[in-house]
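To find a chain, count down the sequence lines: A is the first, B the second, and so on, and within it residues start at 1.
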Amino acid sequence: MYPQEFYESLKRVEATRKARLNQVFPRLSMEERSALLEKFHPDYKKETMREISVGISKGEKTPHEFADLLEAYSYLDPKRFVIPAPKYEVDVLIIGGGGAGVAAALTASEVGADVLLVTKLRIGDANTTMAQGGIQAADKENDSPAIHYLDIMGGGGFKNIPELVRALVNDGPEVIRWLEELGVIFDKAEDGTMLSIHGGGTSRKRMHPCRDYTGAEIMRCLKDEFLDRKIKYIEYTASIELLKDNVGNCVGAVLVNMETGEVFTIKSKTTILATGGAGRLHIQGFPTSNHYGATGDGVVLAYRAGAKLIYLDTIQYHPTGVAFPEQILGQLITEKVRGLGAQLVNAYGEQFIYELETRDVVASAIIREVQERQKGVVTSTGGGVWLDTPLIEMKFGKGTIQKQLPAMYRQFIKFGIDMTQEPVLTYPTQHYQNGGILCNEFGETNVPNLYVAGEVSGGVHGRNRLMGNSLLDVLVFGRRAGRHAAEKSKEISKIGEPTLLHLIDYHSELKKLGIPESRRSPMILPDYRPQEFRGKFHFLSKLTEFNAERNNI
Amino acid sequence: MMKDFARIYIMGKEYQVPRHLTILQAIEHAGFLFVRGCGCRGGFCGACATVYRMRDSYKLKVALACQTKIEDGMYLAQIPFYPGNKAEHNIASLTPTTETLCMLYPEIMRCISCGSCSKVCPQDIKVMDYINAAIRGDYKKVVELSFDCIMCGLCATRCPAEIVHYYVALAARRIYGAHIMKKAPHLDKRLQEMKEKKFDPELEKLMRSSVEDLKKLYASRDIEP
């Protein structure tokens with residue numbers, strides 16, 4: 001139910017709806033796009049970023065929130081901590097249980113490797129599950145991997161790493177077939193033809209949806225297949241550091257059982273970080289569409305181990321996060337809503353941007369409309385613009401929303417808002433980490449035997465990812481990293497002795513900079529308790545005792 | 001009590017929390033740190049299934065903690081884990097016969113049509129109806145009815161026949177997707193073309209192009225209406 005003060009604006013939106021139905025707001029030129037981004041995109045606010053002062057990518061910029069985690073000490077003191085004998089020794093260790101991690105586990109096990117997957121939440125508690133709109137792949141007659149390539153480069157500001165983009169577009173069709181064989185139910189016509197739609201920045205309709213549960217449908221099938229294959233896994237266990245041998249190979253990780261506090265190590269021939277994104281850092285105070293565990297842990301672990309960063313100064317703000325009701329502030333309203341014809345209009349019922357520009361551009365236009373032009377709807381948490389959802393049913397008929405957007409419908413009707421009758425209020429939300437750990441097309445980082453896959457990695461999406469390319473990304477690069485890491489593990493006969501030597505230099509750099517020792521990372525979980533309850537997480541307490549004991553000796 | 005606050009009971013203990021919060025936010029506000037019982041915070045993962053009743057009422061209700069606003073007098077408990085049995089199978093070798101689901105999950109035959117599962121579903125899915133469809137081997141019906149399932153597990157907690165509904169539905173959907181639905185014909189064609197490396201020259205050419213040339217190509221590309 002909307003508050004009374006919204007109704008004047010709602011009436012205006014309703015009054016202009018019919019006239020707008022077939023109106024298309026003109027697309028912006030390249031120059032107009034750049035100008036809009038520079039003035040309004042949150043990434044362009046200089047004071048919100050700083051140069052990273054430690055480690056291998058020193059001097060590169062990143063938001064303060066990320067820099068605070070990178071310029072922080074490990075929970076382990078490398079000079080005192082005695083590395084326990086490994087609890088498990090495996091060929092391939094996978095850290096992270098989302099789409100990339102599980103896809104990697106499947107291919108690695110197919111190659112015959114002994115795989116262990118660890119995750120700090122449950123398998124499938126990941127942004128993959130929350131992806132709604134669809135997965136891109138160039139598999140239709142009028143489309144090609146080259147056309148897909150060009151869309152991606154344009155969306156990414158032409159900064160993408162070409163070899164990674166090639167891998168993404170070329171593996172696309174094969175990944176879709178793999179999903180079909182796993183039993184994923186895409187929206188299809190009787191004869192099997194995919195019902196595909198546009199996403200922001202696509203020149204062909206190549207978004208393949210499963211209603212608006214695309215990621216959830218893919219993830220539950222992947223997870224089920226993972227369980228069927230009896231691959232080993234441990235849930236509710238956080239990785240807090242990577243281990244390296246004395247010649248610099250990654251040889252495993254130090255972990256904490258988040259229920260018992262047990263600290264243990266896993267020794268592995270190869271390690272894949274598939275830890276996902278960082279929405280829960282709430283960069284610049286934005287709300288987020290991300291899941292609970294999206295705290296950037298993998299970037300921190302890899303960086304301390306010496307892996308290079310790329311484009312960690314580019315954060316994707318999804319244009320249409322929920323702006324009302326505040327209980328679900330920042331949650332995602334899928335781009336599919338715009339793909340189906342819902343327009344963005346201001347408080348006066350006027351269009352102000354073509355809805356399917358790339359996400360960075362649409363988000364900037366909404367911020368301009370609300371902040372500079374003051375034409376947004378004011379709420380207790382800020383403001384927003386309308387996403388005029390009733391247009392969808394005017395275009396495609398009654399029942400379309402419940403059929404194609406059941407999750408969205410459900411989300412709003414629980415708060416008394418019927419999106420088939422009334423528009424929904426929206427404002428950008430922190431959605432995706434465009435950059436991350438640099439890797440090649442097999443997911444290899446510059447740290448030997450350390451791989452990355454999915455949102456933790458960077459380069460493939462350049463400076464801005466297109467809708468539907470992250471589901472593709474996690475599957476393409478998860479599968480590639482899994483396969484490659486498994487093959488590589490066969491070449492390794494003996495795993496080197498695990499050390500934390502890489503932390504010694506890192507810590508002394510931090511000390512020299514005067515960074516207080518109380519600043520530790522990775523974050524592991526966001527802490528939403530009131531200030532007076534916050535403090536060290538209970539599951540890290542054994543770690544402190546362990547260090548204290550060592551002090552006594 | 002201040003008027004903007006509500007009184008709720010988390011596992012029997014009383015707390016006063018701001019009225020506008022969701023159950024999830026309210027539990028955090030009371031001082032709890034979630035390890036289990038919290039996942040996507042967006043209604044998609046089923047991690048925060050919650051059972052509650054109102055003060056002075058025997059009626060048990062359910063909710064996803066992340067999608068539900070608190071009310072005064074809620075007695076809340078979460079079910080962060082439920083030990084449901086999953087039948088292990090090899091999807092490629094399963095056949096979509098009428099009996100397959102009953103072979104994988106014979107307990108579905110024990111359904112007494114009590115309707116507890118449907119009543120308890122926070123997604124308002126007609127769970128009992130799809131179990132009946134599963135018994136009949138009507139895959140399409142199971143898919144249709146169960147698609148929006150987020151596998152929170154509440155149905156299984158209430159079932160007197162010890163059915164794990166969400167795994168039955170998942171098996172039915174995977175069998176339907178893999179063996180009954182037609183594979184995309186355009187995908188067959190594209191995979192063949194990929195095998196022949198039909199698009200490689202065009203792609204290589206783009207990879208060698210300068211950013212200036214790419215920008216021009218991008219700006220002038222034709223867009224499917």
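Of the two parts of A/Asn170, the backbone and the side chain both hold a non-hydrogen atom closer than 4.5 Å to a non-hydrogen atom of chain B. At a 4.5 Å heavy-atom cutoff, the contact between A/Phe415 and chain B is made by side-chain atoms alone. Heavy atoms of A/Leu227 lying under 4.5 Å from chain B belong to its backbone as well as its side chain. The parts of A/Met258 that come within reach of chain B are both its backbone and its side chain, each placing non-hydrogen atoms under 4.5 angstrom from that chain. The parts of A/Ile176 that come within reach of chain B are both its backbone and its side chain, each placing non-hydrogen atoms under 4.5 angstrom from that chain. Heavy atoms closer than 4.5 Å to chain B are found in the backbone of A/Asp212, but not in its side chain. For chain B, the nearby part of A/Leu121 is the side chain; its heavy atoms alone come within less than 4.5 Å. If you measure heavy-atom distances from A/Arg204 to chain B, the contacts under 4.5 Å come from both the backbone and the side chain. With a threshold of 4.5 angstrom between heavy atoms, A/Lys230 approaches chain B through side-chain atoms but not through N, CA, C or O. A/Ser29 does not touch chain B: none of its heavy atoms, backbone or side chain, sits under 4.5 Å away. The part of A/Met30 that comes within reach of chain B is its side chain, from C-beta onward, which places non-hydrogen atoms under 4.5 angstrom from that chain. Heavy atoms of A/Glu217 lying under 4.5 Å from chain B belong exclusively to its side chain. Contact of A/Arg280 with chain B is made through the side chain alone, with heavy-atom distances under 4.5 Å. In this structure, the portions of A/Tyr292 lying under 4.5 Å from any heavy atom of chain B include both its backbone and its side chain.
At a threshold of 4.0 Å, the pair A/Lys140-B/Glu224 does not count as salt-bridged, since none of the basic side-chain nitrogens sits closer than that to a carboxylate oxygen. Electrostatic pairing of B/Arg174 and A/Asp228 counts as a salt bridge here, judged by a charged N lying under 4.0 Å from a carboxylate O. A salt bridge links A/Arg177 with B/Asp188: the distance from a Lys NZ or Arg NE/NH1/NH2 to an Asp or Glu carboxylate oxygen falls below 4.0 Å. Electrostatic pairing of B/Lys216 and B/Glu212 does not count as a salt bridge here, judged by no charged N lying under 4.0 Å from a carboxylate O. Using a 4.0 Å cut-off between charged side-chain N and carboxylate O, B/Glu14 and B/Arg7 make a salt bridge.
Across B/Gly46, B/Ala87, B/Cys45, the residue that shares the most heavy-atom pairs under 4.5 angstrom with chain A is B/Cys45. Chain A forms more heavy-atom pairs under 4.5 Å with one residue of B/Met194, B/Lys86, B/Gln25 than with any other, namely B/Lys86. Heavy-atom pairs under 4.5 Å with chain B peak, among A/Met153, A/His198, A/Glu174, at A/His198. Residue with the most contacts toward chain B among A/Glu180, A/Gln411, A/Met194, A/Arg534: A/Glu180 (heavy-atom pairs, distance under 4.5 Å). For the set B/Leu24, B/Ile91, B/Leu170, the count of heavy-atom pairs under 4.5 angstrom toward chain A peaks at B/Leu170. Of all the listed residues (A/Thr129, A/Ile185, A/Leu179), the one sharing the greatest number of non-hydrogen pairs under 4.5 Å with chain B is A/Ile185.
In this structure, A/Phe158 has its ring center closer than 6.0 angstrom to the ring center of B/Tyr218.
B/Asp129 is linked by a salt bridge (Lys or Arg N to Asp or Glu O under 4.0 Å) to nothing, counting only residues two or more places apart in sequence or in another chain. Not counting sequence neighbours, B/His165 has no partner by the side-chain hydrogen bond (donor to acceptor under 3.5 Å, both in side chains) test. Under the rule for a side chain to side chain contact (heavy atoms under 4.5 Å, CB included), the partners of B/Ala134 that lie at least two apart in sequence or sit in another chain are B/Leu101, B/Ile108, B/Val142, B/Val168.
Seen from the ring of A/Phe537, A/Arg529 does not count as a face-on cation partner, given the 6.0 Å and 45° thresholds.
For residues 200-211 of chain B, the interface with chain A (any heavy-atom pair closer than 4.5 Å) comprises B/Asp200, B/Glu202, B/Leu203, B/Glu204, B/Leu206, B/Met207, B/Val211, sorted by residue number.
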